[in-house]
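To find a chain, count down the sequence lines: A is the first, B the second, and so on, and within it residues start at 1.
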Amino acid sequence: MRIVTWNVNSIVPRLPRVLDFLEQTAPDVLCLQELKSPTEKFPFAEVEALGYEVAAYGLGRWNGVGIVSRVGLSDVVRGLPGEPRFDGAAEARAIGATCGGVRVWSVYVPNGREPDNPHYAYKLEWLEALRSLVSSELSSSGPFAVLGDFNVAPTDADVWDIAVFAESTHVTKPERDALARLRDLGLSDVFPRPLKYDHPFTYWDYRAGNFPNNKGMRIDLVYGNAAFSGAVTDSYVDRNARKGKGPSDHAPIVVDLDL
DNA sequence: ATGTCGGCCTCGGGCCGA
């Protein structure tokens, strides 16, 4: 089985690339983040024409997540139980489904903005809701994974220059501790291989030539339980999908499993 | 370079979010 996670930075302008990716890379399951589109505006017909089922969850112009599968799509859950709201509004940042016997969650963790911004406290609360969800879902021992844009770089090596992030979110101890608590539940970081350079960054800001200079971050992650991680045969960041005209600012992570 | 994208409101360009 091949499972992919990809923050596409808006599904509508990215659709040609997503369709091409589905044909070329042929994932069985594709977890999407940052649809930037309400559910009803998802391009269902174009994706379904390639033989996939779609579960999308979008509540407006921001956020939005989805799961695309050609190996079944059942027991869909939209949102995390007990998730916090931001500024009084619900946001579409998590969707779960069972695909080909694997329980999969596609997540788009809040950015946090700055450490003193209310969005940062919201981010930590959201990660705690994710921890509760994972804790409850791990009572079953089948293959399970949370994949997506975590907006946290787990270690200093996961940013191109830690000095640049001295006053920033994505690298603070509370954020990293939240990831550690997820791992403590029995998940492990399925660490992908890079296709180029020595570190598998997954995100490069559009500005200032960050991508050609490889000024990237590893903030898209695959956290799997033992049944999932033990079945992994390969994992890589498809940085080729970040190249050319009209890319997302994130690259997909491709995970192959003996499942 | 405060550097680039994308959505939205609204039809030119500003604002917000990342």
If you only use heavy atoms from C-beta on, which nucleotide in B/dG3, B/dG17, B/dG6 is closest to the side chain of A/Arg113?
B/dG17
Closer to the 5' end of DNA chain B via nearest nucleotide, is it A/Glu34 or A/Gly60?
A/Gly60
Between A/Glu137 and A/Trp105, is any side-chain donor less than 3.5 angstrom from a side-chain acceptor?
yes
From B/dC5, B/dC8, B/dG17, nucleotide with atom closest to A/Trp62 side chain:
B/dG17
Ionic contact status for A/Arg218 with A/Asp189, cut-off 4.0 Å:
yes
If a stem is a run of at least 3 consecutive Watson-Crick or G-U pairs, both distances under 3.5 Å, which stems include DNA chain B?
B:4-9 with B:13-18
For A/Lys173, enumerate each residue passing the side chain to side chain donor-acceptor pair (under 3.5 Å) test, keeping only those at least two apart in sequence or located in another chain.
A/Asp177
Can you identify which nucleotide, out of B/dG7, B/dG3, B/dT4, has its nearest atom closest to the A/Ala208 side chain?
B/dG3
Backbone N/O of A/Leu32 and side chain of A/Ser106: donor-acceptor pair under 3.5 Å
yes
Under 4.0 Å between a Lys/Arg side-chain N and an Asp/Glu carboxylate O for A/Arg2 and A/Asp256?
yes
Residues in side chain to side chain donor-acceptor pair (under 3.5 Å) with A/Ser135, at least two apart?
none
A/Arg14 side chain N/O closer than 4.0 Å to the phosphate oxygens (OP1, OP2) of B/dG6?
yes
